[in-house]
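The basis for the numbers below is simple: all heavy atoms, side chains too, and nothing from hydrogens, waters or symmetry mates. The sequence lines fix the lettering, A, B, ..., with proteins before strands; numbering per chain opens at 1.
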Number of protein chains: 2
Amino acid sequence: MKALKIPEATIVRLSVYSRFLEQVDKKGIVTISSGEIAEGVGVSPAQVRKDLAYFGEFGTRGVGYNVKDLLRHTLKILGLNARWPAVVVGAGNLGSALVSYRGFRERGFDIVGVFDNDLTKIGKRLMELEVMATEKIEQIVKQHNVKIGILTVPASSAKDAANLLINAGVKAILNFAPIVLSVPADVEVRDIDLSTRLEILTFHLCLKEMM
Amino acid sequence: MKALKIPEATIVRLSVYSRFLEQVDKKGIVTISSGEIAEGVGVSPAQVRKDLAYFGEFGTRGVGYNVKDLLRHTLKILGLNARWPAVVVGAGNLGSALVSYRGFRERGFDIVGVFDNDLTKIGKRLMELEVMATEKIEQIVKQHNVKIGILTVPASSAKDAANLLINAGVKAILNFAPIVLSVPADVEVRDIDLSTRLEILTFHLCLKEMM
DNA sequence: CTCACATCGTGATATAATTAACATTTAGGA
DNA sequence: TCCTAAATGTTAATTATATCACGATGTGAG
């Protein structure tokens, strides 16, 4: 396993491959080629092989990949051989939706705490959880050894919320607030900016209109 | 305005710039340099100038950019000089959250319809809207000339839902379902895969653990 | 056993994106 | 008016990513 720098796009595709392999495995298929994976997820066969090559040799020349093996390897690479506890800060519409989002649980993520500092929200039940005051973040994060925080607060309180998470020991933040968080070097942040995603689409719609 | 191929990353950054400029404008600041924008959004000054250069010359050498002017230009480039009607298919937790998401409205997007084929959800009120059967998609899309669809249905029904949207005339889809949609060439799709986003984080958490 | 075929892993090549460097232009003061 | 400082727009260099092409290896038929 080479310790080279791995493109983020490779990680994203690896996640897609692994989910595709889960489907394939469920169908009882034992072996699969890079071409079939490529077909299934909409990339080139060479891309599939290149992505996998960053992490080792998982296939057999002339044959292909063993589905179960490759699935296990991809999950391992992504760190999904264990479950990950996570907390959500911001119990608005989006935060509440994420607490109940089944997709997270299916991929190994367990939401173990939801926080807000809006008094009208504290105490509200979401699934088996109860919304807590943000002062409780530290306690819960330490108790469950949480490394992942999901930020669904308004932009104006995102910086504060992020600091609470980081001080409590969180090392990775999924940020839905449309602002740039500045965090220590040992904390990973990825943004999901919903409006920006739509704006990519409007940009392309306009481009086409002009032609 | 050069008709060159523009990197998607440039569009994403343009969206970020424009939101940053809104803040700056609100503070009453009249002029800004590429360096200050860069500082504010966490990229390099050269990157800011390069991104803008794809679309024209908006600054004055030795001076910088007029904030209001540049804001107007960036919004125009993204197609945000007009409002965009959009529909949401899938009235589960995520879909419901997006209907009420204020960030969309603030950036010019109006949700004009929410659909589901779950009878227990049809008729439910979300904001000023009422969840409708998916058979109504075509009617609403045509009535409001909707070009943008947001897909928040489970993976298993995503393909069907996408087809309903496309047949009704939608040309751009924001897909939250964790599957690869295959669509006609004149339809733009962008995926937001929430689990994948978390998996990027777990990958990096594991990487660090190893070192 | 050998051959034809399928398919991987990878080094070489091509393409794309970012960063750096700089010539050019403007503002403002002596 | 001329000089300095600031900051753009743009070309060139660098770095990163994706594609291609092919040698290597395993399978199965004859």
**Report entry** A:F58 CZ - C:dT7 C1' separation (whole Å)
**Finding:** 17 Å
Query raised in the report: A:F176 and B:L194: which non-hydrogen atoms are nearest, and at how many Å?
Result: CZ-CD2, 3.8 Å
Report summary line: Here the distance between atom P of D:dT8 and atom CG of B:D51, to the nearest Å, is 13 Å
Query raised in the report: B:T10 near the nucleic acid: base, sugar-phosphate alone, or nothing, with a heavy-atom cut-off under 4.0 Å?
Result: nothing
Query - Of A:G62 and A:A9, the one whose closest DNA chain D nucleotide lies more 5' - result: A:A9
Query - Between C:dT10 (P) and A:Y54 (OH): distance, integer Å - result: 12 Å
Query raised in the report: Between D:dA16 atom P and A:K5 atom NZ, what is the distance in whole Å?
Result: 5 Å
Query raised in the report: Does B:E188 come within less than 4.0 Å of B:R190, counting only side-chain N to carboxylate O?
Result: yes
Query - Rounded interatomic separation in angstrom, taking OH from A:Y65 and P from C:dT7 - result: 11 Å
**Report entry** Whichever of A:T60 and B:P7 has its nearest DNA chain C nucleotide further upstream toward 5'
**Finding:** A:T60
**Report entry** Expected output: side-chain A:T152 to main-chain A:G90 donor-acceptor under 3.5 Å
**Finding:** yes
**Report entry** Minimum heavy-atom distance B:V48-B:Y17, with the two atoms named
**Finding:** CA-OH, 3.5 Å
**Report entry** Atom-to-atom span, CD of A:E57 to P of D:dT25 - whole angstrom
**Finding:** 10 Å
Report task. Could you state the atom-to-atom distance from CD of B:Q47 to P of D:dA7 in whole Å? Result -> 19 Å
Requested in this report: Examine distances only and state if a side-chain atom of A:S96 and a backbone atom of A:A91 form a donor-acceptor pair shorter than 3.5 Å.
Outcome: yes
Query raised in the report: Taking NZ from B:K50 and C1' from C:dT18, how many angstroms apart are they, rounded to a whole number?
Result: 8 Å
Query - C:dC8 OP1/OP2 closer than 4.0 Å to side-chain N/O of A:S34 - result: yes
Requested in this report: Give a yes/no answer on whether the side chain of A:S44 brings an N or O atom under 4.0 Å of OP1 or OP2 in D:dT19.
Outcome: yes
Query raised in the report: From C:dT18, C:dT10, D:dT10, pick the nucleotide closest to the side chain of A:R49?
Result: C:dT10
**Report entry** Distance-only donor-acceptor test, A:R61 side-chain atoms vs C:dG9 base atoms, 3.5 Å
**Finding:** no
